[in-house]
Every structure is written in structure tokens, then in C-alpha cells.
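Ligands are counted one by one from 1 in listed order, and the atoms in each one are counted from 1 as well. What you see below is based on every heavy atom in this structure, not just the backbone, and it leaves out hydrogens, waters and symmetry mates.
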Amino acid sequence: MKVQLLPYLCIITTFFIQCKQQEKKPIYSNIEVEESQEIFAYDTAIITSQYTADPSAHVFENKIFLYPSHDYESGTPEDDLGNHFAMRDYYVYSMDSVGGAITNHGKVLDIDQVSWADKQMWAPDAAEKDGTYYLYFPAKDKDGVFHIGVAEADNPAGPFKPEPEFIKNSYSIDPSIFEDNGSYYMYFGGIWGGQLQWYRDNKFMGREDVYPDDNKPSLRPKIVRLDASMKAFDEEPKDIIILDKMGAPLTTSDNEKRFFEGAWVHKYNDTYYLSYSTGDTHNIVYATGTNPYGPFTYQGVILKPVLGWTNHHSIVEQDGKWYLFYHDSSLSGGKTHLRSVKVTALSYNEDGTIETMDKMVTAEELDSKLHVK
Ligand code: FUB
């Protein structure tokens, strides 16, 4: 009797073990998933297993998905062109809601899979259309020129399959996607290492850094509508005009306010908010308008400089609460090219203006190892 029962017992035990394993299996990804045990708090690094930066956050399938850059130590010396940001792959993270455990969905795209790309996979973003997910990413081609590529997945956690060529007529860096009334728009551009200054009217003018004179309108972020395939531009990219409160365009000398990189658009109470980094003055600022193309009117600072040279953000709403995802270099003890994603609540005033935040980590806080691994 004992002997006859044994195979059945084995089958039943195996069945229960398999069920248990299936329960744990990720619903989103067909690759390994690492569950973080960490329950994070506002303004501390929310991912500590690797360095992450440039967080693009979106709510997909009722969760917040994060599409950050993946910083690592390449040993490349620091320069004004950002060559020390030598990233080579992307990972995706998600959380049910801000403050909960974070799931690392693993590597979703590697530079070796992208035939046209040579180096520097910088700030990405993602979008969903008709159940398909698209990852947009800048990288330098073999000639050292930035373009924007696109990769596709059937779920928000990837892995993403890249197109063999970069998006035709794409250039510069920091794509972000905003959907409005069924149309998808890409905002892009960045000066200095982002190469926007090599172009005029979407034409490559050569590798010389040419900026408008100090009293002339500064270089502007670009907007372009994507076509139905989500993999091509549907029009020529256009300049986004940013005006001061007197109605005059921001000029090159307005470098506390003018666009540098990292454009992001969101909508709140029928107003369109364009936010971006001022780069060498290290603020995240915003301007408001009445449609995705602008013009936008400068309003003020959202986030003052953080620890590290770059400041890069995204804004997302979940269940009526608004969040600012950003990064700083506190986890690496201040190394500019080794950044970590953080999150905080974003507050609007009655008139729709956004409250300014200061998240600079003091030397004392760094010393106390509050932020350092
Ligand atoms: O992460 C590399 C570059 O640094 C990004 O593309 C910029 O926005 C800045 O954060």
C-alpha cells in the first residue's frame, strides 16, 4: 500500500510546488524578476541594487512603471559633453503605488541588440497604444551623432525588440511621449552634449557648437507628432516657443529659465505643463500653455538643484495624487554620473502653479549615511 501511494504523493507535492512557483511568477515579463523587499520612503533612493537616472514614469495597467537610464562606472573621464554617462542598457521597474515595494523586471534592451547604436543610451521614455508598448531611447551612432530609436513589446515590462534603424529624421536626445486626444507627440532635444546646437530647422549644420546670441531666442525643445505606427514622425519637428510673462521669448542669456534638456509634458485641469531642466543652472522649471505645441509661458521652478550636475524628472498622476520622479547622486556619495531615482509628492496651488521644492542633500545627511548604501 505504502509503495503504491508514493508516486501519487510525489505528483501531488510537485503540483503544489509548481502552483506556489506560478503564484510568484511575474505577470508582466518573460524574463527573471527580482522582487525588492524594500518599502521606500519619499526622497530616499528607491532603487538601490543599481544606479538609475532620468526616471520616466507612467501608469500602465494600474501600476506605476519606471523607465530610467542605467548608470554604471565605465571609467570614462568627466567632460562637458557628458561622455561619462556611458550607459549601455535599460531596465524597467514597477510598483503598485508610490511607497510600495518595487519590482525589477530585469534588462529589457541592450545596446548590442541595436544595430545602429554605438554608445551612450541616455534618457528613455515609453508609451502604450492599442496594447503595444514602445520604448524610445537616444543613443550615439557609429559617427558619434545622437539619434532616437524605438523598440516594441507586448507588455509594459518588456523585453523590447528594437527597430533596425533609428527613427528617420530623429536627432538629439531625451525623447518623451505625451498622448493627447488620441495623438502621440514626442518632445525631444538637449543642448551641449545633447547636440541640439548642431541643427537649425531640423538640418544638420556640422559639429560646430553654434548658439544664438545672448539677446536672441534660445534654442528650443522640439515637438513632433508620431504616425499611426508609433515608429515614425508624421510631420517635421517644430520648435516649442517658451515666453516670459511679458510675452517675449526666453533668450540665450536667460539661462536660469531657458530650455537645456529633459522636456516633459503633462496636463492638469485642461492646462498643458511643459517642464524641463535648465542644465547648467540645474533647475527643473515649467511653463504652461493651452495645447501640446505651445507657445508656453514660463511659470517658475519645480525642483531646485539636487546633488550632482544633472537634474531630470517626470511627473505622473495615480489615483488623483501627483508625483515628481527625479534623481540625485546621494547614493553614490555625490558622483555625478552615478545617480539614483527618488520620488516625492507634487503639489499644485489653487491657481494651478506648482510648489517649488528643494531636495538638496546636505553634507551632514550624506555623512550620516542616510542616503549612502
Ligand atoms: O543621463 C544622461 C543625460 O543626462 C540625460 O539624457 C540628460 O537629460 C541628463 O540627465
Which atom of L250 lies closest to which atom of K257, heavy atoms considered: CD1-O, 3.6 Å
Qualifying residue, where the test is salt bridge (Lys or Arg N to Asp or Glu O under 4.0 Å) with D328 and the options are K342, R339, K359: K342
Aromatic centroids of H70 and Y91 separated by under 6.0 Å: yes
Geometric class of the F137/W116 ring pair [parallel <30°, tilted 30-60°, perpendicular >60°]: parallel
Shell of residues surrounding ligand 1, defined by a 4.0 angstrom heavy-atom cut-off that is strict: D54, M87, W122, A123, D174, E261, T310, H312, H327, R339
Geometric class of the H266/Y348 ring pair [parallel <30°, tilted 30-60°, perpendicular >60°]: tilted
Side chains of Y134 and K231 in contact at under 4.5 Å (non-hydrogen atoms): yes
